[in-house]
Amino acid sequence: MRLDRLFSITMMLLNHKRISATDLAARFEVSLRTIYRDMETINRAGIPVVSFSGSDGGYEIMQSYRLDRQYLSLEDLYSIYSALRGMQSATGDTGMAELLDRVGALISDKLHDLDTSGMLLDFASASGPKEHLRTLHLAIKELRLVQLDYMDIHGAETQRMVEPMGLYLKSNAWYLWGYCRVRCALRVFRLSRMNRVRMMSETFSRRGLSIEDVDADRVQSGAAPCVCVRLRFQAAVKTRVRDEFLPDQLKSGPDGTILADACYYTKESAIRHLMSYGTNVTLLAPSELVDDFRRHIAEIAKMYS
């Protein structure tokens, strides 16, 4: 813990002109005597910290001193800083402020050399209630169980008790992955389908699992994408097609149409997605899914006959 504090103090000194011992003691919730000892330790480590007395006194690092940036370029550091700032705005993690201070210290005196107007990462705008994201982020950090009132893709509502492992952002939507004690297996939950999220007082020991195990579990359980299709899209929806499919799945047709090869987890999910394109998509293969698609369209037509 002391090593973390010493590193954080050093980064704060690099990122600020001058900081008083009182402010540092309050920030790290330690005594003034502890701060004085920390400053001696930082000086002995070769980082030149100068103290100033008086009403505007405090500590600062000599102007001639700088950290070596040889491993990362200024652009690299600013990309990291922007990503961290986006994550802080999405999760509300106040503890990330110290990390932002550390990274910010490495670029604060060079920002005038960098065009920052074209870089903005707004993770908070992705789908999923912001309060759910913050609750789950805290539960992951503190290894606490969460209770979810969850609605699946078919509209069925269940209550789950989950050991939260991590959050990830995909296609503008936030997902939680973790071990579901109801299903006794790894599961992925979309935040926008959570009606209620409650962080429990009970803690858990993290299992030896990673995000890669989610895909492995899907393959083992037969839940991997297994319905492969060939599609032809009209040029009118080419922008949406490029948003929803990977470049290597697409091929331009001679008449301005777009051919796409894609896979879905189920026949139902494929039909549901294709229906959203209306008359701007033609399902070319496989033939058995074409028949199912035709029947589905006929059932809808009956509703309006």
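This structure is a prediction, so every number in the text was calculated from the model and none was measured.
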Practice item. Check whether Val229 and Leu284 end up in the same hydrophobic cluster, where Ile, Leu, Val, Met, Phe, Trp and Tyr are linked by side-chain heavy atoms less than 4.5 Å apart. Key: no
Practice item. Would you name the heavy atoms of Ala235 and Gly256 that are closest together and state the gap between them? Key: CB-O, 3.4 Å
Check your understanding: So do Leu32 and Thr22 actually touch side chain to side chain, heavy atoms under 4.5 Å?
Key -> yes
Check your understanding: CG of Leu138 to NZ of Lys141: how many Å apart, nearest 0.5 Å?
Key -> 7.0 Å
Review point. Between Ile258 and Lys238, which heavy-atom pair has the shortest distance, and what is it?
Key: CD1-CB, 3.2 Å
**Study point:** Residue pairs fulfilling side chain to side chain donor-acceptor pair (under 3.5 Å) with at least one residue in residues 278-289, sequence neighbours excluded
**Key:** none
Point to revise | Candidates Leu145, Leu209, Leu186 - the one meeting side-chain contact (heavy atoms from CB on, under 4.5 Å) with Glu163 | key: Leu145
Review point. Is there side-chain contact between Arg198 and Asp149, with at least one heavy-atom pair below 4.5 Å?
Key: no
Review point. Atom CG in Leu259, atom CZ in Arg230: separation rounded to 0.5 Å?
Key: 5.5 Å
Review point. Once you round to the nearest 0.5 Å, how far does CZ of Arg187 lie from OH of Tyr150?
Key: 11.0 Å
Exercise for review: Check Phe233 against Ala260 and note the closest heavy-atom contact, atom names and distance.
Suggested key: CE1-CB, 3.8 Å
Check your understanding: Are Tyr277 and Leu246 linked, directly or through other ILVMFWY residues, by side chains that come within less than 4.5 angstrom of each other?
Key -> no
**Study point:** Enclosure of Glu142 CD (heavy-atom neighbours >12, cutoff 6.0 Å)
**Key:** yes
Check your understanding: Does Leu13 reach the side chain of Ile47, with side-chain heavy atoms less than 4.5 Å apart?
Key -> no
Check your understanding: Same cluster or not: are Met151 and Val182 linked, directly or through other Ile, Leu, Val, Met, Phe, Trp or Tyr residues, by side-chain heavy atoms under 4.5 angstrom apart?
Key -> no
Study note, to complete from the structure: Residue set satisfying side chain to side chain contact (heavy atoms under 4.5 Å, CB included) with Arg294, at least two apart, ordered chain then number -> Val290, Asp291
Point to revise | No-hydrogen, no-angle side-chain donor-acceptor test under 3.5 Å, Arg190 and Ser192 | key: yes
Review point. Linking I/L/V/M/F/W/Y whenever any side-chain heavy atoms sit under 4.5 Å apart, do Leu283 and Ile297 land together?
Key: yes
Revision key, fill the gap. The single option from Val146, Leu148, Val197 that satisfies side-chain contact (heavy atoms from CB on, under 4.5 Å) with Phe189 is Leu148
Review point. Which word best sums up how the rings of Tyr264 and His273 line up, parallel for under 30°, tilted for 30 to 60°, or perpendicular for over 60°?
Key: tilted
**Study point:** Cation-pi, Phe52 ring and Arg18 (6.0 angstrom, 45 degrees)
**Key:** yes
Review point. Would you say the side chain of Arg206 lies within less than 4.5 Å of the side chain of Leu143, judging by non-hydrogen atoms?
Key: yes
Practice item. Would you confirm whether Arg193, through its side chain, and Asp152, through its main-chain N or O, come within 3.5 Å as a donor-acceptor pair? Key: no
**Study point:** Closest contact, heavy atoms only, Pro164 versus Ile140
**Key:** CB-CG1, 3.7 Å
Review point. Between atom CD1 of Ile300 and atom NE2 of His296, what is the distance when rounded to the nearest 0.5 Å?
Key: 4.0 Å
Check your understanding: Atom CD of Gln147 and atom CD of Glu202: how far apart are they, to the nearest 0.5 Å?
Key -> 11.0 Å
Point to revise | Listed partners of Arg232 passing salt bridge (charged side-chain N to carboxylate O under 4.0 Å, His left out), at least two apart | key: none
Study note, to complete from the structure: Here the pair of heavy atoms bringing Ser51 nearest to Tyr59 is CB-CE2, 3.6 Å
Practice item. Decide yes or no for Arg181 and Phe204: does some side-chain heavy atom of the first lie under 4.5 Å from some side-chain heavy atom of the second? Key: yes
Check your understanding: Do Leu191 and Met161 share a hydrophobic cluster, counting only Ile, Leu, Val, Met, Phe, Trp and Tyr and linking them when any side-chain heavy atoms are less than 4.5 Å apart?
Key -> no
Point to revise | Closest non-hydrogen atom pair between Cys180 and Arg160, with its separation | key: SG-NH1, 3.7 Å
Exercise for review: Determine yes or no for a side-chain-to-main-chain donor-acceptor pair under 3.5 angstrom, with His132 supplying the side chain and Met194 the backbone.
Suggested key: yes
**Study point:** CG on Leu136 to CG on Leu176, rounded to 0.5 Å
**Key:** 5.0 Å
Review point. When you look at Lys251 and Asp261, which way does the side-chain contact (heavy atoms from CB on, under 4.5 Å) test go after all the steps?
Key: CA-CA 9 Å; Lys251 186 181 299 183; Asp261 292 300; 6.0 Å; no
Check your understanding: Among Asp38, Thr34, Ile19, whose side-chain contact (heavy atoms from CB on, under 4.5 Å) with Leu24 holds?
Key -> Ile19
Point to revise | Contact check, side chains of Ile42 and Thr10, non-hydrogen atoms, under 4.5 Å | key: yes
Practice item. For the residue pair Ser276 and Arg240, confirm or rule out a side-chain donor-acceptor distance under 3.5 Å. Key: yes
Review point. Between Glu40 and Arg37, does at least one N-O distance fall below 4.0 Å, as a salt bridge requires?
Key: no
Exercise for review: Show the numbers, then the answer: is there a salt bridge (Lys or Arg N to Asp or Glu O under 4.0 Å) between Glu131 and Arg134?
Suggested key: CA-CA 5 Å; Glu131 62 272 16; Arg134 293 181 173 180; over 6 Å; no
**Study point:** Side-chain touch Leu289/Lys267, heavy atoms, less than 4.5 angstrom
**Key:** yes
Point to revise | Close side-chain approach of Val188 to Tyr168, heavy-atom, < 4.5 Å | key: yes
